[in-house]
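Report on one structure; see the data block that follows.
For ligands, and for the atoms within them, numbers begin at 1 and follow the listed sequence. Owing to the predicted nature of the structure, the values given are computational and were not obtained by experimental measurement.
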Amino acid sequence: MSPYHVEVLFTEPQLAARVDSLAAEIVAGLPEDGARELLLVPLLKGAMVFAADLMRALSRHGVTVVLDVMQVSSYGGGQTSSGHVVLKRDLGLNPAGRPVLLIDDIADTGRTLDFVQRHLAERGAGPVTTAVLLDKPSRREVEVRVDHVGFEIPDRFVVGYGVDYAERHRELPFVGVVVEDRE
Ligand code: 5GP
Ligand code: MG
């Protein structure tokens, strides 16, 4: 790994404000007469920090949640995806008939979300709504429905707020871009 540094893209207050407005959007999208309860399904590990903040924002906006997790993998250790999605950990709870909020850190090619949406449908989940913190629409290879997007970003490799580079930088309170240092 050549030397690099991280440049801030979204600050902690920007993230906090957007997560709160995203929760408001998600609540506004719920059926009027339906139950105000969602089964949250964040994808480990990248969506952990976003999901932790989003679930508390949803609570402030009057939604109760049940939490489960899934883990899939497509990225190796570097900055590029292998393009092949593998299920590493399935849901522990039965999603059949329950409204699900699928949460991921980044929509990139769309393969991960496509895979998980199909999987949840196979398991009989109720309506599945998808929320991502970041979306790179220019990278999309698979047409996939993403209902709620925190921020659209260009095709840059980002870290922080749960998102890693070779397992590092998840603890950063901001989202930043990885910039290679020049010789
Ligand atoms: P997709 O399946 O849409 O191509 O990829 C989605 C997954 O790729 C995300 O959940 C995330 O784990 C990873 N990913 C996409 N872009 C980035 C990025 O800029 N930084 C990091 N660390 N992971 C990314
Ligand atoms: Mg991921």
Side-chain angles (χ1 to χ4, degrees), residues 1-12 14-15 18-19 22 26 39-55 67-92 95 100-122 125 128-181:
M1 205 180 294
S2 45
Y4 66 90
H5 63 280
V6 178
E7 289 177 6
V8 177
L9 188 61
F10 300 112
T11 64
E12 202 172 349
Q14 283 177 318
L15 292 169
R18 186 60 187 121
V19 169
L22 210 49
I26 292 166
L39 173 59
L40 299 198
V41 182
L43 303 184
L44 296 179
K45 298 179 238 179
M48 276 184 61
V49 175
F50 173 44
D53 284 344
L54 185 61
M55 68 190 280
L67 178 66
D68 204 346
V69 291
M70 280 179 65
Q71 187 164 22
V72 296
S73 97
S74 63
Y75 263 53
Q79 293 191 6
T80 46
S81 167
S82 69
H84 182 66
V85 184
V86 179
L87 179 64
K88 291 177 79 179
R89 184 199 197 280
D90 200 355
L91 286 175
V100 170
L101 179 65
L102 168 61
I103 304 172
D104 204 8
D105 49 2
I106 303 166
D108 190 39
T109 65
R111 291 185 197 285
T112 300
L113 291 174
D114 183 59
F115 176 92
V116 176
Q117 286 177 357
R118 286 172 195 275
H119 181 80
L120 289 168
E122 268 167 32
V128 176
T129 305
T130 301
V132 298
L133 179 68
L134 305 171
D135 186 14
K136 299 180 183 175
S138 68
R139 294 261 310 157
R140 203 71 91 249
E141 289 173 15
V142 174
E143 244 185 72
V144 69
R145 203 191 62 258
V146 185
D147 305 284
H148 301 282
V149 171
F151 301 96
E152 279 194 8
I153 60 168
D155 181 14
R156 302 294 299 278
F157 192 80
V158 297
V159 295
Y161 198 63
V163 179
D164 74 308
Y165 182 16
E167 295 303 330
R168 303 200 58 199
H169 308 306
R170 294 191 197 274
E171 74 281 18
L172 295 177
F174 56 87
V175 169
V177 177
V178 170
V179 180
E180 308 264 332
D181 294 331

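Under a 4.0 Å heavy-atom criterion, Tyr165 is not in contact with ligand 1. Taking a 4.0 Å cut-off on heavy atoms, Gly110 registers as neighbouring ligand 1. Every heavy atom of Arg140 sits 4.0 Å or more from the atoms of ligand 1.
At least one N or O atom of Val158 sits closer than 3.5 Å to an N or O atom of ligand 1. Remark: ligand 1 and Ser74 share no N or O pair separated by less than 3.5 Å (distance only, no angle test).
Contact between Leu44 and Gln71 at its shortest, heavy atoms only, is O-CG, 3.6 Å. Here the closest non-hydrogen pair linking Pro95 and Val100 is CB-CG2, 4.3 Å. The two residues Asp108 and Arg140 have their closest heavy-atom pair at O-NH1, 2.9 Å. In terms of heavy-atom proximity, Val158 sits nearest to Val163 at O-CG1, 3.4 Å. Smallest separation of non-hydrogen atoms from His169 and Tyr4: NE2-OH, 2.6 Å. Of all the heavy atoms in Lys88 and Ser73, the pair that sits closest is CD-CB, 3.4 Å.
Set against the non-hydrogen atoms of Thr109, the atoms of ligand 1 under 4.0 Å away are 1 (P), 2 (O), 3 (O), 4 (O). Annotation for ligand 1: atoms under 4.0 Å from non-hydrogen atoms of Val163 are 20 (N), 21 (C), 22 (N). Below 4.0 Å from some heavy atom of Arg156 lie the following atoms of ligand 1, by number and element: 19 (O). Every atom of ligand 1 with a heavy atom of Lys136 under 4.0 Å away is listed here by number and element: 16 (N), 17 (C), 18 (C), 19 (O).
For Arg168, the CZ atom is loosely surrounded, since the number of other residues' heavy atoms within 6.0 Å does not exceed 12. Under a cut-off of 6.0 angstrom, the local environment of CD in Glu143 is sparse, with at most 12 non-hydrogen atoms contributed by other residues, nucleotides or ligands.
Proximity of Leu43 to ligand 1, defined as any heavy-atom pair under 4.0 Å, is not found for any part of the residue. Counting heavy atoms closer than 4.0 Å to ligand 1, residue Arg139 contributes nothing at all. Residue Asp104 touches ligand 1 through its side chain alone, judged by heavy-atom distances below 4.0 Å.
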